[in-house]
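Comments concern the structure below.
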Amino acid sequence: MEHASAAAAIVDARGIVTGWSEGARLLTGHPAEEAVGRPARDLLAEEPPPEAVTALSGTVVLLHRDGSPVRVALRACPVLGEGGAPAGHVITAEPTDASALTGRAFEQASMSMSVFDTRQRYLRINAAARQVMGVPEEDLVGRSFPAIVEDTEHSQGFLSHLREVTETGRPVHYESYTGGPSGNREHSWNVEMWPVRDPSGELTAVALAAFDNSEQHRARERLALLNEAAASIGTTLDVVRTAEELVELLVPRYADFASVDLLDWVLGADELPEVPDGEVVLRRVAHGSGTEGTPEAALHLGEKDVYPASSPPARALREGRAVISQAGEPEFVRWVAERNARAPGGRTYRKGVHSMLAVPLRARGTTLGVAVGVRIGHPDDYVADDGVLAEELASRAAVCVDNARRFARERTIALALQHSLLPRGLPGQAAVEVAHRYLPSGSLAGIGGDWFDVIPLSGSRVALVVGDVVGHGIASSATMGRLCTAVRTLADVDLPPDELLTHLDDLVTHLGSDDGGEEVAELGATCLYAVYDPVSRCLTLAAAGHPPPAVLLPDGTARLVEMTAGPPLGVGGLPFEAVELELPEGSVVALYTDGLIEDRDRDVDHATAELCRALGARTDTLDTLCDTVLKAVLPEEPGDDVALLVARTRALGADRIATWDIEPDPVHVAAARQAATEQLTAWGLDDAAFVTELVVSELVTNAIRYGAPPVQLRLIRDRTLICEVSDASSTSPHLRRAHAFDEGGRGLLLVAQLTQRWGSRQTGSGKTIWAEQPLPD
């Protein structure tokens, strides 16, 4: 009677209440100790109708403890005493007005609802809450929450909020996460707590409603996972790192173990083959687990494994969709058994794997590999919704993997192209000693168009060149190759630096128009061209939008060359200006591309100052100096390609050069031949005298006959024997073949056949015809 949930009372024959149920207490607010022993009339709010008094049934108004009336319908059942004599009645009361609807609404609500007193004891709990807790109402009403609920972090939080409402009188709203009745599946609860007050305003109870929004919570989690995937996968253009980022996202929230296996061709430069219909060979590139002993030991990173056609990964690749397998399915059991049979000892799948999900990595219609998720300690099996989420995650990851694959392939091709175009072994010459470094960019932008070259010129001179096509990729490398070839071609004509850049600028403009209007200048093509003459120790240089070189003098002072850089190549409209410097022997000239000193977070002036300081470091060789400069100036992760060309100047002494002024009269040709022969004897080159006499005779005769005074003859003993004849005329000679009866026209043909190479160059005062012949062993 005491714990009965219905509103019931026992009234003896005298009308005295002798029993009082918990339901009656909830209905009237009177506890049993206040009601038992009192006349039933004391609990009525008004005089009952005669039929209710006599029959103890009908409609009456009870008096609530707070003084408010409660209209109820009474039903009475007689209680018989000894001998069958009436001893009293059991009276049940049921509200007849809106309070009855309120009670039924509370009981039948789909949300979990409870009422607590100010001491955290259950006063009432509806059917939904009883189902969640798995406890009948009679085991809860009247008992305190801490006494019947296990002490957990969740229960402590719940009790803390309950006390907060009691103490402050303010409602509380919060979210909570618990396991379900079986403890397997996580539930998300949206909890509302609010105070219940009597008519006087005193807080007498706390009510709560808990909404199970687990599905909405899981949907939010899936959306958050997708958003996180967009931000965390593909941060680098590296195939393996991208696969690792997918695994890190899945474990441990989505899987206890996850792996990414790729088809072999994805990691190489080959084009894609078709996915085989039968068994598939995949290479493990990433895996990870949230608990120790999960099957990541079954396959080491970088190893291959054969997946039978019936295995979940092979099926996912073949069908192009997520494949979910549970531990009890025959195909899953058979595949795990086959895998364990092939695996070495200690590298098998351990027991406890109850669900697996395999999803293909497909991007742009191409299958790249498969991602696998395994659940061991996670209580839930994979379901169809998990497959949809996995396909979305795999799709995003596959695009990033494919981007990384394409970038790696393009980078490999661009790097191979660039290395094929850059000079592999610089030619030996006496003008300068050189060393160089080229560092391709490791940034996401890819390989750039930086290049350098050392070009031997006539008269023992040498051209030092650096250039930069600021764009990246294969197109940039191809443009770099065209510019490098063009510079070599123009250098062979022996143009001064400013004129060479003018012709190169015109060529770039034509290249842009030939490529459908895409100007190379939009890529930012720049070039620095310098010519060093070891005879005069003069360095002549001009730049097209390129940073100036640095010069280290033998006394240890270093500075940037003051020069006016013209516009980048392809812009046109402004002339290029040449600068001349006379350098002491042993000076060091450093030419570089802007990747050495320019970066988004660097100050250019500070970087160039570091460059000048690094050039002054004491080093044994130029190669060591290059390394010192790069270490001192470059950031840890340069964002652009870097080309560095360092040259130490040499000078040809007077003992290796002989010069004669020739009178413009054919009678002096013989004297010129004689002087040249005597000089060769002094140098110990008598074996070259015959050819040299013929060359001197032809070149001097042509200069006197077709040129303009003054005429000068110069012999240079370098790695080759160089014969030069200069005059004041700007007309260049042309090689032609004489006919059978022609009396002339065979001189230059004879020179070309007897010497290693020959040519002409324009000078400030005219032209110079030169011819080189190898020195005798």
Side-chain angles (χ1 to χ4, degrees), residues 229 233 239-240 242-243 246-247 249-250 254-255 257-268 270-287 295-296 298-299 301-343 348-349 353-375 381-406:
I233 298 178
V239 172
V240 175
T242 302
L246 175 60
V247 170
L249 182 72
L250 297 178
Y254 192 73
F257 167 80
S259 64
V260 175
D261 298 340
L262 298 179
L263 294 166
D264 240 0
W265 68 266
V266 177
L267 299 173
D270 299 333
E271 285 297 332
L272 62 154
E274 294 184 2
V275 178
D277 292 333
E279 63 182 23
V280 181
V281 178
L282 297 171
R283 188 179 295 275
R284 176 65 51 83
V285 294
H287 59 207
E296 60 183 341
L299 197 65
L301 293 176
E303 288 185 343
K304 292 182 182 179
D305 197 12
V306 179
Y307 292 85
S310 60
S311 64
R315 289 174 53 201
L317 286 175
R318 188 171 59 252
E319 298 172 12
R321 62 175 182 83
V323 173
I324 298 175
S325 302
Q326 313 299 353
E329 297 178 357
E331 289 185 354
F332 179 77
V333 174
R334 182 169 61 252
W335 174 63
V336 171
E338 291 175 353
R339 175 65 187 83
N340 289 344
R342 298 194 313 272
T348 59
Y349 282 92
V353 176
H354 63 84
S355 188
M356 172 183 284
L357 186 150
V359 58
L361 298 174
R362 289 179 55 83
R364 304 176 180 97
T366 303
T367 301
L368 307 173
V370 63
V372 174
V374 174
R375 285 184 174 174
D381 290 338
Y382 286 114
V383 295
D385 286 346
D386 295 317
V388 174
L389 175 62
E391 288 178 351
E392 181 66 26
L393 289 173
S395 175
R396 298 190 180 192
V399 170
C400 296
V401 169
D402 192 49
N403 288 341
R405 177 191 70 85
R406 290 168 179 261

Open item on the list: If I compare all heavy atoms of Ala358 with all of Ala316, which pair ends up nearest, and what's the gap?
Closed with: O-CB, 3.6 Å
Task: Partners passing side chain to side chain contact (heavy atoms under 4.5 Å, CB included) against Arg406 (at least two apart in sequence or in another chain) - done: Arg364, Asp402
Open item on the list: Quick check: closest heavy atoms across Gly320 and Pro360, and the distance to 0.1 Å?
Closed with: C-CG, 3.6 Å
- [ ] For Leu246 and Thr242, run side-chain contact (heavy atoms from CB on, under 4.5 Å): C-alpha distance rounded to whole Å, both residues' side-chain angles, the deciding distance at 0.1 Å, then the answer.
- [x] CA-CA 7 Å; Leu246 175 60; Thr242 302; over 6 Å; no
Task: Reported CG-to-CG distance for the pair Asp381 and Leu357, which is rounded to 0.5 angstrom - done: 11.5 Å
- [ ] Mark yes or no for whether Tyr307, through its side chain, and Arg315, through its backbone, hold a donor-acceptor pair below 3.5 Å.
- [x] no
TODO: To the nearest 0.5 angstrom, please state how far the CG atom of Asp261 sits from the CG atom of Leu368.
DONE: 13.0 Å
Open item on the list: Taking side-chain hydrogen bond (donor to acceptor under 3.5 Å, both in side chains) as the definition, give me every residue that meets it alongside Ser355, ordered by chain and number, with sequence neighbours left out.
Closed with: Gln326
- [ ] Kindly indicate whether the side chain of Arg405, heavy atoms from C-beta on, has any atom under 4.5 Å from the side chain of Trp265.
- [x] yes
Open item on the list: Measuring from atom CG of Leu263 to atom OG1 of Thr366, what distance do you get when rounded to the nearest 0.5 angstrom?
Closed with: 10.5 Å
Open item on the list: Going by the rule side-chain hydrogen bond (donor to acceptor under 3.5 Å, both in side chains), which residues pair with Asp264 if we only count those two or more places apart in sequence or in a different chain?
Closed with: Arg283, Lys304
Open item on the list: With a 4.5 Å cut-off on side-chain heavy atoms, are Asp386 and Tyr254 touching?
Closed with: yes
- [ ] Give a yes or no answer on whether the side chain of Arg284 reaches the backbone of Ser259 with a donor-acceptor pair at less than 3.5 Å.
- [x] no
Open item on the list: Given His287, which partner from the list Val260, Leu301, Val372 fulfils the side-chain contact (heavy atoms from CB on, under 4.5 Å) test?
Closed with: Leu301
Task: Stepwise side-chain contact (heavy atoms from CB on, under 4.5 Å) test for Val239 and Val285 - done: CA-CA 9 Å; Val239 172; Val285 294; 5.8 Å; no
Open item on the list: As an exercise, state the distance from CZ of Arg318 to OG of Ser310, rounded to the nearest 0.5 Å.
Closed with: 8.0 Å
Open item on the list: Using the salt bridge (Lys or Arg N to Asp or Glu O under 4.0 Å) criterion, which residues pair with Arg362? Sequence neighbours excluded.
Closed with: none
TODO: Check side-chain hydrogen bond (donor to acceptor under 3.5 Å, both in side chains) between Glu329 and all other residues, then give those that pass, not counting sequence neighbours.
DONE: none
Open item on the list: Please check this pair: side chain of Glu279 against backbone of Val306, looking for a donor-acceptor N/O pair closer than 3.5 Å.
Closed with: no
When the side chains of residues 392-400 are checked against the rest of the protein, which donor-acceptor pairs come out under 3.5 Å, sequence neighbours left out?
residue, atom, partner, partner atom, Å
Glu392, OE2, Arg396, NE, 3.3
Arg396, NH1, Leu226, O, 2.8

